[in-house]
**Q** 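For reference, the structure I am asking about is given below.
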Amino acid sequence: MDGVGLNHYLLLSATLFAIGAIGVLVRRNVILVLMSLELMFNAANINLVAVSYFRPDLTGQIFSIFTITVAAAEITVGLGLVIALFRNKEAINVDEFNLLKG
Amino acid sequence: MGSLPVTVEDLWAIAPELIVTAAASIVLLWGAFDAPRKRPQQFAWFTLASIVAALVTVLRQTPTDQTYFSGLLGMDAFSMFFSVLFLISAGFAVAASIRFLDDHGAHHPEYYFFLLTALLGMMFMARAVDFVSLFVGLELQALSVYVLVGYLKNDPKSNEAGLKYFILGAMSSAIFLYAISLFYALTGTTNLAAIAQAIVAGELETSKLTTAALVLMASALGFKIAAVPFHVWAPDAYSGGPTTVSLFITVASKAAAFAVLIRIFIVALEPLQESWVLLLAALAVLTMFVGNIAALTQENLKRMLAYSSIAHAGNVLIGVVAAATTDGDARSFAIAASLFYLFAYTFMNIGAWATVILLRRNGLAGENLEDFAGLASRSYPAFFCMLVFLLSLGGIPPMAGFLGKWYVFAAAINSGWTWLAVVGAINAAISIFYYLRIVVVMVVQDPAEDATLVRSAPLTLTLVAALVMTVAVGIWASPFLDWAASASQLLP
Amino acid sequence: MNVSLLTVVIFLPALGALGIALLVPKTNENAIKWIANAIALVDFALSLTLLRGFDSASTQLQHVTKVSWIPQLGVEYFIGIDGISLLLVILTTGLGFIAVLSSWTYIQKRNKEYYATLLLLQTGILGVFVSFDFFLFYVFWEVMLVPMYFLIGVWGSKNRLYAAIKFFLYTLFGSVLMLLGIIALYLANFAETGVYTFNILEFYRLTLSPDLQWWIFLAFFLGFAIKVPMFPFHTWLPDAHVQAPTAASVILAGVLLKMGAYGFLRLSLPILPDATRQFVPMIAVLSIIAIIYGGLVALMQKDWKSLVAYSSVSHMGFITLGIFMLNPIALQGGIFQMLAHGVATGGLFLIVGLIYERMHTREIARFSGLAQVMPVYATLFAILAFASLGMPTLNGFIGEFLVLVGTFQESRQYAFFAVWGVVLAAAYLLWLFQRVMLGEVEDDEIAGLKDLNLREAMTLIPLVVMAIFMGVYPKPFLEMIEQPVNAIIARVRPGYFDGTGVTPPPLPSTPDATTAALPVDANDQLEDLLQQQLGEPDNETDESSEK
Amino acid sequence: MSSAAFYLISAIILGGALAMITSRSLVRSVIWMVVSFVGVGALFLLLEAEFIAAVQILVYAGGIVVLFLFVVMLVNLDELQRVEYLHRQWLPAVLLICLLLAELGFMMWAGAGDTVVPLPDQDQLDAVLRSVRGGNVETIGMTLYTDYILPFEVVSVLLLVAMIGAIYLAKERV
């Protein structure tokens with residue numbers, strides 16, 4: 001591929017990863033935090049598939065299938081937890097979780 | 001291709017895991033069809049029985065150098081050590097849970113399902129010799145534990161703990177995965193041993209990208225073992241969730257994370273050890289100091305034990321650091337020290353948490369320090385058990401905890417990390433301070449009027465077994481030392 | 001399995017504690033007291049029988065039991081006694097019995113737990129004095145902390161918790177660092193000999209580099225100096241003493257503090273001779289500071305018990321000074337002073353305890369003219385006070401005199417300063433006596449006090465008798481410690497005996513495996529001795545000349 | 001041409017992600033997330049991983065996004081609007097991450113050559129290339145069901161856990 005090597009993909013994924021991390025750390029809305037986590041998982045996936053293309057080696061693609069599945073499962077549980085908390089406390093603001101202190 | 005994907009040897013190798021999986025499925029289906037759910041205890045007994053069956057199976061297997069499932073799983077003494085440790089912890093957790101869940105009105109078969117799947121995930125974590133199987137096992141464990149921490153879904157504290165744990169846990173998983181992808185980019189493989197070879201072959205030790213991947217990997221694993229400064233989730237998760245779950249995860253999840261950490265750092269990243277040893281040593285020092293000092297000021301007992309659990313991870317890290325800088329016998333010695341420490345820690349920590357489960361005031365589970373007030377006059381046996389567990393956690397001989405401390409300090413000095421051993425020793429002295437605080441409350445203060453003990457036969461059994469093991473591992477140590485020493489042989 | 005007499009002596013109190021805790025009902029307080037006293041007395045009697053057949057001329061350990069415990073690490077259950085250990089064992093069991101007896105009416109709550117704890121403490125202390133496996137030694141050393149913590153923390157007076165925690169943390173801090181020293185020694189031994197062992201007698205044979213010795217010495221020093229306690233680590237002691245119940249104070253002053261001094265002479269000196277010599281000036285100065293500082297502070301105390309506590313700091317200074325002058329006279333004096341201090345100061349704490357039980361105060365200013373209402377009490381107090389301040393014909397004199405003589409041999413300056421300790425002791429003890437015993441009875445409460453009853457007198461009289469006996473006839477005690485002392489000196493100061501015409505005994509070696517599991521009786525000892533004198537001297541001289 | 005495609009797709013992915021984390025409206029965030037994820041799918045196509053691209057679109061754009069929307073609707077929207085936008089210490093966090101990103105980027109650039117591990121010889125390479133590239137679903141399927149049968153099964157348990165867990169947690173009472 002003319003001029004675009006593995007490094008470009010790695011950089012792209014690093015940027016996406018950083019954006020996801022910023023979302024997780026900075027935003028106060030739990031649902032948005034969960035969405036940002038998805039970005040981070042996607043960043044790793046880009047790496048895996050890109051390496052799989054450039055090496056070439058199938059493992060990366062297989063791994064990314066697992067990753068996508070795991071990420072989906074993870075988000076399901078996370079949303080379940082959000083709903084349970086919301087039902088009890090009517091708040092989805094990260095800062096408002098303050099029953100546990102210390 | 002064309003041949004069967006799975007051989008008989010493969011299946012026998014994962015026989016314990018198959019038993020656990022089967023048990024989890026049965027619990028789930030049984031729970032679904034047993035609509036009225038009148039006697040939830042039956043699920044507990046069934047779970048316990050299957051855990052025992054899996055334990056027997058593990059003990060019947062013999063460790064080999066082979067790998068199974070196309071090189072994804074190993075069956076070395078190291079992984080079997082951890083399997084046994086997980087199974088024992090899970091058994092204790094089930095026994096301690098029965099009355100607890102009844103009292104909380106949350107005795108459902110799902111609890112045992114999640115416990116078993118968490119157990120399954122841990123067993124795969126300890127055995128995986130490839131990042132693919134490792135990651136999948138880790139996530140299975142993590143997901144099950146998130147649900148378990150948030151299990152008391154009508155209790156906002158449990159919800160909150162579950163969600164906090166989830167957010168930071170998922171983030172650390174993402175970092176972990178990203179680090180894996182970078183190593184994959186560097187070496188073109190996900191097999192741990194092959195990564196080490198590729199690093200040497202490609203002379204990647206000094207590569208900046210390697211450093212980046214290494215730092216990400218270390219912080220992700222730091223999250224998983226709750227090392228400072230990646231520990232912020234731990235006090236919340238351990239103190240907010242159901243106490244029985246804390247009992248389980250402070251021991252088993254932590255041990256599983258250590259199994260992964262040791263395998264990754266000692267096997268895959270061994271060629272890079274110059275870059276990470278100091279990092280890990282710094283983590284160990286921070287973890288011990290912050291864990292112990294934070295524990296000093298806690299009024300909530302569960303939080304105190306949570307911080308103490310963080311501090312103990314620092315001690316295990318000393319052993320890992322010592323293992324990294326040596327090879328041959330000295331390395332085996334240091335790995336064995338870490339393993340023995342984890343093993344000793346299992347029983348005393350389970351015991352301490354089980355005593356917390358025993359307490360109740362105003363119909364609520366014991367959590368604050370005052371709930372322990374006057375325990376010595378309320379129940380002498382309970383007091384005695386707690387005393388032994390606390391002294392053992394503090395490293396007073398002749399209990400197991402002392403031998404564990406002795407072992408890691410010896411490993412550190414043996415590998416030339418004397419200053420790390422000194423830091424560990426100072427921390428042992430600091431930790432005694434808050435353990436004694438609990439003792440003082442138990443002996444000196446007058447009991448609250450409405451304080452009761454919620455005894456149940458399985459819980460008593462848990463306490464007695466933990467007590468016996470805490471003392472036995474300290475005094476009759478030979479077989480356990482042998483076992484830890486043999487388990488220090490990792491697959492190359 | 002063949003259980004040796006020494007093992008029985010050590011573990012009998014612990015078994016008794018277990019029995020009391022599990023078998024005797026809580027409400028039956030009299031049974032608890034009788035059983036505890038009986039056990040302590042039997043233990044004392046058994047420890048006396050160790051004297052029978054003890055050969056003080058032998059250089060070997062006696063009553064040895066050696067059983068493998070954790071073979072992977074080379075840990076053994078290895079106990080035995082030489083003259084020093086034996087005397088300390090008897091001191092412990094004797095004071096142990098007196099402590100139990102003195103608690104009869106003093107302790108008003110939780111009798112069952114109290115006696116169990118007290119007996120458990122005795123096992124811990126005894127174990128330290130007889131262990132010749134360093135691991136075992138450390139286990140006993142630490143185990144002892146827990147019952148002492150409870151004794152102070154539960155049955156002490158007002159500020160008991162503070163004192164108990166301070167005591168525990170101070171000593172624990174010292175001992176965890178000592179643990180690192182032990183590990184370093186253990187690994188160094190492995191590097192040198194290729195054998196994993198904690199055998200202290202094997203460690204005596206090591207030739208470690210001075211640098212390593214220096215570090216290990218430092219680690220041990222912290223552990224032992226805090227225990228002694230040496231200046232400036234002494235601050236836990238007055239708190240612990242003042243708050244502790246009488247029996248705990250007696251044990252604390254009488255034997256527990258000796259553990260630190262014992263550690264120095266059993267472990268630091270012979271295992272780390274080069275480092276020891278390096279550290280002598282520092283420790284001598286610290287000891288002298290302790291002697292003078294302890295005396296001065298004692299002079300200013302308003303509380304009777306803390307006066308005695310500070311006098312302990314001063315007297316323990318003599319002991320460490322004696323140990324670190326590294327000559328036989330001073331060392332013998334130091335060890336003798338350990339015994340003398342145990343007897344005299346133990347007695348003084350009993351005296352304070354008796355009056356506290358009656359008056360519930362220890363403020364010196366509250367008392368006067370006690371001699372008029374309690375003549376027996378006053379007499380016994382006088383004898384013990386004189387013993388403590390070192391009056392000739394009483395035991396304190398012998399110890400301090402020997403220490404001073406030995407010190408004088410090494411350095412006149414040290415001796416000059418140390419002498420002031422004796423003067424100060426006379427001052428504070430006599431002044432105390434004058435204030436509380438003499439004068440007019442000013443108080444109705446004092447006028448109504450009863451003199452000692454039989455049980456109370458029984459706790460003091462043995463100590464007084466002992467103080468006189470040791471002062472008048474110290475020979476048997478000095479004979480008993482002579483051989484081990486010479487062995488230690490020969491090790492820590494090679495060549496010391498060359499000019500004196502005395503042949504130093506070799507350090508005791510590990511008895512070989514065939515006799516190991518059995519208690520060694522006197523015949524074997526004699527045989528060993530003969531063999532040594534007939535056959536082995538040549539080898540010995542060869543070895544020493546090689547070095 | 002593919003170089004241009006790469007930059008275009010990158011812009012879509014990063015733009016979508018940035019818009020997602022900065023948007024104040026949750027629904028809009030979800031939509032931006034779809035944009036970003038579709039971009040990643042397109043990237044996979046560019047990398048000749050058609051099967052993964054399909055999975056990406058199906059699972060993310062199809063499944064997860066619906067799930068998110070569902071929760072957003074379920075949870076009271078008014079409540080959501082009230083939620084404060086950012087953490088109080090947002091600036092240090094952003095700076096820290098940007099610093100890390102710069103560091104990471106630098107390391108990648110500096111370590112550019114490091115990833116080129118000796119490749120297999122040409123015949124082997126051709127064989128691998130044939131199997132890997134061109135979206136060979138059959139190869140992926142075969143590998144998944146032979147070499148990776150174990151993680152595959154573990155993932156199936158994991159999905160079960162996620163399903164039961166979500167149902168358990170979200171249900172009012174058991």
Side-chain angles (χ1 to χ4, degrees), chain A residues 6-7 9-10 13-14 17 20-21 24-25 30 33-34 36-52 54-55 57 59-60 62-64 66-67 69-71 73-78 80-89 91-92 94 96-102, chain B residues 130-133 135-136 138-140 142-144 146-147 149-150 152-171 173-182 184-186 188-191 209 212 216 235-237 239-240 294 297-300 303-304 306-307:
Chain A
L6 182 54
N7 291 321
Y9 284 90
L10 291 183
S13 85
F17 188 78
V24 172
L25 293 178
V30 180
V33 168
L34 296 188
S36 306
L37 281 171
E38 289 302 290
L39 290 186
M40 294 172 75
F41 276 98
N42 262 277
N45 264 348
I46 293 178
N47 272 356
L48 290 172
V49 176
V51 175
S52 177
F54 283 99
R55 282 240 6 122
D57 168 57
T59 316
I62 302 278
F63 205 153
S64 68
F66 290 129
T67 317
T69 323
V70 165
E74 199 144 67
I75 238 55
T76 317
V77 170
L81 284 163
V82 170
I83 291 178
L85 184 74
F86 188 69
R87 213 184 31 236
N88 281 328
K89 223 177 150 245
I92 38 172
V94 178
E96 283 174 24
F97 305 162
N98 46 16
L99 288 170
L100 304 165
K101 276 185 201 144
Chain B
D130 189 287
F131 272 133
V132 177
S133 43
F135 180 72
V136 170
L138 185 126
E139 284 301 307
L140 176 58
L143 274 191
S144 311
Y146 302 147
V147 182
V149 170
L152 297 176
K153 57 183 176 179
N154 296 321
D155 173 7
K157 270 202 274 186
S158 180
N159 299 148
E160 192 182 318
L163 195 57
K164 274 188 178 169
Y165 189 14
F166 172 82
I167 290 174
L168 289 169
M171 186 166 160
S173 290
I175 298 174
F176 183 59
L177 184 67
Y178 195 77
I180 293 176
S181 73
L182 287 183
Y184 177 56
L186 279 159
T189 174
T190 53
N191 181 290
L209 189 57
L216 287 172
D236 291 346
S239 65
T297 57
Q298 300 303 319
E299 292 299 326
N300 179 316
R303 278 190 97 79
M304 189 188 279
Y307 277 112

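Per chain, numbering begins at 1; letters A, B, ... match sequence-line order. The shown structure was predicted, so the numbers you read here are calculated from the model rather than taken from an experiment.
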**Q** Indicate yes or no: at least one non-hydrogen side-chain atom of V132(B) is less than 4.5 angstrom from one of I62(A).
**A**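 Of all side-chain heavy-atom pairs linking I62(A) with V132(B), none is under 4.5 Å.
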
**Q** Answer with side chain, backbone, both or neither: which region of L34(A) has an atom nearer than 4.5 Å to a non-hydrogen atom of chain B?
**A**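 The side chain, not the backbone.
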
**Q** To the nearest 0.5 Å, what is the distance between CG on L163(B) and CD1 on I83(A)?
**A**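 Answer rounded to 0.5 Å: 11.5 Å.
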
**Q** Any idea which of S64(A), G80(A), G78(A) has the most non-hydrogen atom pairs under 4.5 angstrom with chain B?
**A**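 Ranked by heavy-atom pairs under 4.5 Å with chain B, first place is G78(A).
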
**Q** Among V30(A), V33(A), L81(A), which one satisfies side-chain contact (heavy atoms from CB on, under 4.5 Å) with F166(B)?
**A**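 So, applying the side-chain contact (heavy atoms from CB on, under 4.5 Å) to F166(B) and each of V30(A), V33(A), L81(A), only L81(A) qualifies.
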
**Q** Quick one: does any side-chain atom of Y184(B) pair with a main-chain N or O of G60(A) as donor and acceptor, under 3.5 Å?
**A**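 The answer is yes, because a donor-acceptor pair under 3.5 Å joins these two groups.
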
**Q** Working to the nearest 0.5 angstrom, can you tell me the gap between L182(B) CG and F17(A) CZ?
**A**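 If we round to the nearest 0.5 Å, L182(B):CG and F17(A):CZ are 8.5 Å apart.
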
**Q** Return the set of residues passing side chain to side chain contact (heavy atoms under 4.5 Å, CB included) with A142(B) (not counting sequence neighbours), or none when no residue passes.
**A**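 Side chain to side chain contact (heavy atoms under 4.5 Å, CB included) list for A142(B), sorted by chain: Y146(B).
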
**Q** Which heavy atom of S13(A) sits nearest a heavy atom of Y178(B), and at what distance?
**A**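 In terms of heavy atoms, the two residues are closest at OG-OH, 2.8 Å.
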
**Q** Where do P156(B) and L85(A) come nearest, in terms of heavy atoms and distance?
**A**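 Between these two residues, the closest heavy atoms are O-CD1, 4.0 Å.
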
**Q** Compare all side-chain heavy atoms of L25(A) with those of M171(B) and state whether any distance is below 4.5 angstrom.
**A**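 Yes. Closest side-chain heavy atoms under 4.5 Å.
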
**Q** With respect to chain B, which residue among G20(A), A43(A), S36(A) yields the maximal number of heavy-atom pairs within a distance under 4.5 Å?
**A**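 That would be A43(A).
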
**Q** Under a 4.5 Å heavy-atom cut-off, does chain B meet the side chain of A73(A), its backbone, both or neither?
**A**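 For A73(A), backbone and side chain are both near chain B.
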
**Q** For F131(B), which atoms come within 4.5 Å of any heavy atom of chain A: side chain, backbone, both, or neither?
**A**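 Its backbone and side chain both get close to chain A.
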
**Q** What distance do T190(B) atom OG1 and D57(A) atom CG have between them, rounded to the nearest 0.5 Å?
**A**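 So the OG1 of T190(B) and the CG of D57(A) are separated by 8.0 Å.
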
**Q** Would you compute the distance between atom CD of E139(B) and atom OG1 of T69(A) and round it to the nearest 0.5 angstrom?
**A**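 The OG1 atom of T69(A) is 11.5 Å from CD of E139(B), to the nearest 0.5 Å.
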
**Q** Apply side chain to side chain contact (heavy atoms under 4.5 Å, CB included) to residues V70(A) and L177(B) and explain how you reach the verdict.
**A** CA-CA 11 Å; V70(A) 165; L177(B) 184 67; over 6 Å; no

**Q** Taking side chain as everything from C-beta outward and backbone as N, CA, C, O, which of these in I180(B) sits under 4.5 Å from a heavy atom of chain A? Side chain, backbone, both or neither.
**A**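 Contact with chain A is through the side chain of I180(B) alone.
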
**Q** For the atom pair CZ (F66(A)) and OG (S133(B)), what is the distance rounded to the nearest 0.5 Å?
**A**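 Answer for the CZ-OG pair, F66(A) versus S133(B), is 9.5 Å.
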
**Q** About how many Å separate CD1 of I46(A) and OG of S181(B), when rounded to the nearest 0.5 Å?
**A**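 Between atom OG of S181(B) and atom CD1 of I46(A) there are 10.0 Å.
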
